[in-house]
Amino acid sequence: MASPLTAGFCELVFNSNEAPEGVVPVLQVLSVKKINAPGASGTDRYRLILSDGKYFIQGMIATQLNHHVENKEVDKHVLIKLVNYVTNAVQGRKLVIILNLEIVPWNGEKIGSPQNLEQQQGTSGGASPAVAAAPAPKQEPGAGAGAGGAANRGQFGGKGGGAAAKGGRAGGKQDVGPLYPIEGLSPYQNKWTIKARVTQKSDIKHYSNQRGEGKLFSCTFMDETGEIRATGFNETVDNFYNLLEEGKVFFVSRARINIAKKQFSNVNNEYEIMFENQTEIEPCDDESVPQVKYNFKGIGDLGELQKDELCDVIGVVKEVHELGSVTSKATNKPFAKRDIQLVDQSGQAVRLTLWGKQAETFSADDQPVIAFKGVKVGDFGGRSLSMFSSATMSVDPDIPEAHSLRGWFDAEGRNKQFTAYTNSSVNSGGAGAAQGARPAEIKTIGQAKDEQLGMSDKTDYFTTAATIAFVKQETFSYPACANPDGCNKKVVDEGSGWRCEKCDRSWDAPIHRYILSMNVMDHTGQFWITAFNDTAEQLMEISANDLMKLKEEGNDNAFGSYFQKATGKTYSFQMMAKQDSFNDQPRVRYQCRRVAAPDYAAESAHLTQLISQISV
DNA sequence: CCCCCCCC
C-alpha cells in the first residue's frame with residue numbers, strides 16, 4: 001500500500017539548504033509536547049515529532065495554531081498537511097515551524113517505524129540506532145535559513161506569490177535573504193527579511209554608565225505570525241528612529257537576533273532584534289499586514305483584573321490633570337507624571353497615569369477618545385491604570401469602539417456623573433460597598449510573609465481578614481500638637497507647656513493621638529501591626545485623648561474595658577507593608593491603613609480561586 | 001551596549 005506520507009521529507013529538511021519550492025508535505029504526528037517555557041503573555045508553545053514514515057524530525061507549531069492541539073485535532077498519529085511552514089536550524093538541530101496546516105483524514109494507525117535523524121549527531125537521547133544512510137548535516141549556524149527561505153518564497157504569505165510580489169524590495173541592493181515570518185526568526189540564522197508593522201515605538205533614551213554614554217530606542221514589530229521587540233543604539237538611533245513610524249509597515253533585514261530580555265518587556269517572543277549599522281529598513285505600503293488588535297476591558301470591569309495585569313482600555317478623556325513630578329524611590333530619579341481620567345458607558349471613571357515625555361507632551365483639551373494597549377492595572381484607590389514602557393496609546397483611533405464612545409459621550413456622557421474607583425468599600429462592608437471598587441489583593445498573613453511583602457524597596461499593599469488577638473496598652477498614643485490646622489506632630493513637655501518644633505509654639509496640653517500596636521492573627525499566622533489615629537479610633541471606639549484621660553484619672557476598669565472590647569474582633573484590614581531598619585536589621589513594618597467589616601463574599605471568592613488552582 | 005515603570 002502506498003504511504004500517504006511525503007517520503008524523504010525529513011531527509012530533505014535535514015540535509016539540504018534548498019528545500020524544493022511548492023512541496024506541501026503530509027506528515028504523521030508521533031507526539032505532541034507542551035514546552036515549559038511559555039511566552040511572557042503566558043501563551044503555551046507545542047513541540048511536535050513529525051514522521052515521513054522513514055524518519056522523524058522535530059516541529060514547532062505557531063501559537064496561532066495552538067487551538068488545533070488544544071482541541072485534540074492535532075494529536076498522536078494524526079496526519080497533517082503543512083500548508084505553510086519554514087525550517088530552522090537551532091543549535092545544529094533542524095526544526096520545522098508550522099505556520100498553517102490541514103488535517104488529513106486517517107485511521108489513527110502509526111505508519112512505518114520511523115527513525116531519529118538526529119541520532120548520529122548525538123544531540124538527542126533516543127534509543128534507536130544511528131541512521132547510516134543520512135549524510136552528515138551541515139553544522140554552520142544559519143544553514144537552515146536557506147531551506148526555510150526556499151520554502152518560504154512560495155509559502156509565507158500563502159496567496160500564490162502575492163506576498164512575494166509585494167515583497168519586492170525597492171532597492172534590491174544586498175542579498176537580504178528571503179521573507180520570513182516573525183515566528184520563524186531565531187539567532188541561528190542571519191539571512192532574513194521581515195515585513196512587519198511597527199506597533200509601538202519608545203522615546204529616545206540617553207544613558208551613561210561605566211562604558212560611557214549612549215542613546216537607544218526600542219520598538220515592536222508585528223506580522224500575522226507574531227510580534228518581536230527591536231532595539232537600536234547610538235548610530236542606529238540616528239539612522240532609523242525617524243524612519244520607523246508607529247502604525248506603518250517596513251521591511252527589516254540584516255539585523256541581529258538576540259535572546260529577549262524578558263524582564264524588560266511584555267512582548268511575546270523568545271527573541272528580540274538588535275539593529276546594527278548594516279541593518280536595512282525600508283517602508284512598505286502593504287496594508288495586509290495586520291493592525292494592532294485590541295481586547296478592550298470595560299472601565300467598569302477593571303475590578304475583575306488582578307493587580308499588575310496588562311490590559312487594553314478605551315475611554316473618553318474626561319479630565320487632564322496638571323503635570324507633576326515624583327522621585328523614584330528605587331533610583332532617586334525624578335519622573336514627570338500626569339494623571340488623566342477616563343470614562344466610558346459603564347458610568348465608571350478610572351485614573352490613568354502617564355510618565356516621562358508622554359506626561360510632558362500630553363495635551364488634550366477637547367476630551368478625545370483614546371485607546372490604550374498594554375496598560376498596567378494598579379489597585380491604588382480601588383483600581384487605577386498606569387502606562388507601561390511597551391504600552392501604546394492611540395488618540396481618536398478609527399475603530400468602531402471609538403466611534404461609539406464619541407457618539408455616546410457627545411450625546412449624553414458629557415453631562416453625566418461618573419463613579420470613581422475608590423477604596424470606600426472599606427468601612428461600609430458588604431452590600432453597601434461601592435460598585436466595582438475592590439481593595440488591594442487579598443492575602444493571608446502567611447502569604448504576606450511568604451511573599452515577603454514589604455521586603456523590597458517598594459511598599460506593598462494588601463488586604464487581610466484577621467482577628468485582633470492583643471492590643472498593647474502601655475504605649476497606645478503620642479502627645480500631638482494641638483494646632484487646629486491638624487499639624488499632628490509630636491510635641492515635647494517642657495514643663496511650662498508642650499512645644500511643637502514645626503509650628504514653633506507651645507500648648508498648654510497636647511492632643512493625644514493613637515499609635516496602636518496590635519497582634520492580629522488568621523489561620524496561617526500572626527503579625528504585629530500598627531494603626532494610626534483614625535483607624536485606631538474606629539477599632540477602640542474612643543478617641544486616644546479620652547482614653548488617655550481615663551488612664552490619667554486612674555479609671556483602670558473603664559480604661560481596660562476598651563482594650564478588651566477591641567480584642568477578639570475580626571476585620572478586613574487594609575495593610576501597607578514597608579521595609580525599615582531596627583538596630584541596623586532590615587524588618588518589615590505592617591501598617592494598618594483602614595479597617596472594614598470582613599468581606600465574606602470577597603474572602604470566599606478568593607478561597608474558591610485558591611481551591612481551583614489546587615485541583616487543576 | 002539599556003531597563004527604574006515609579007508617587008499618593
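Nothing here was measured: the structure is a model prediction, and the numbers come from that model. The analysis underlying the following values was restricted to heavy atoms, covering all of them including side chains, and did not include hydrogens, waters or symmetry mates. A note on names: the letters A, B, ... follow the listed sequences, proteins ahead of strands, and every chain is numbered from 1.
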Does atom CG of A:Asp366 have more than 12 heavy-atom neighbours from other groups under 6.0 Å away? yes

Does A:Asn209 put a side-chain nitrogen or oxygen below 4.0 Å from OP1 or OP2 of B:dC1? no

Please check the phosphate of B:dC1 (OP1 and OP2 only) for any side-chain N or O of A:Lys215 closer than 4.0 Å. no

[N] [atom2] sits how many Å from [X] [atom1], rounded?
{"X": "A:Met274", "N": "B:dC2", "atom1": "CE", "atom2": "P", "result": "9 Å"}
{"X": "A:Tyr207", "N": "B:dC5", "atom1": "OH", "atom2": "C1'", "result": "19 Å"}
{"X": "A:Leu352", "N": "B:dC8", "atom1": "CG", "atom2": "C1'", "result": "15 Å"}
{"X": "A:Arg256", "N": "B:dC2", "atom1": "CZ", "atom2": "C1'", "result": "14 Å"}
{"X": "A:Arg594", "N": "B:dC8", "atom1": "CZ", "atom2": "P", "result": "16 Å"}
{"X": "A:Arg229", "N": "B:dC3", "atom1": "CZ", "atom2": "P", "result": "12 Å"}
{"X": "A:Tyr461", "N": "B:dC7", "atom1": "OH", "atom2": "C1'", "result": "9 Å"}
{"X": "A:Met387", "N": "B:dC5", "atom1": "CE", "atom2": "P", "result": "16 Å"}

Report the nucleotide, chosen from [options], that has the shortest atom-to-atom distance to any side-chain atom of [X].
{"X": "A:Lys337", "options": "B:dC7, B:dC5, B:dC2", "answer": "B:dC7"}
{"X": "A:Phe380", "options": "B:dC1, B:dC6, B:dC8", "answer": "B:dC8"}
{"X": "A:Thr353", "options": "B:dC7, B:dC5, B:dC2", "answer": "B:dC7"}

So A:Glu272, base contact, sugar-phosphate only, or nothing? Heavy-atom distance under 4.0 Å. base

With a 4.0 Å cut-off on heavy atoms, is A:Arg351 in touch with a base, just the backbone sugar-phosphate, or nothing at all? base

Measuring from A:Thr279:OG1 to A:Ile273:CD1, what's the distance to the nearest 0.5 Å? 9.0 Å

Indicate the ring-plane relationship of A:Tyr571 and A:Phe573, choosing parallel, tilted or perpendicular according to the 30° and 60° boundaries. perpendicular

Could you please spell out the steps behind the side chain to side chain contact (heavy atoms under 4.5 Å, CB included) verdict for A:Tyr241 and A:Lys201? CA-CA 9 Å; A:Tyr241 186 78; A:Lys201 185 175 79 167; 3.6 Å; yes

Who are the side-chain hydrogen bond (donor to acceptor under 3.5 Å, both in side chains) partners of A:Gln200, not counting sequence neighbours? A:Thr220

Does the side-chain ring of A:Phe335 sit on the six-membered ring of the B:dC6 base, less than 5.5 Å centre to centre and under 30° in tilt? no

Taking donor-acceptor contacts at under 3.5 Å, does the side chain of A:Lys205 reach the base of B:dC2? no

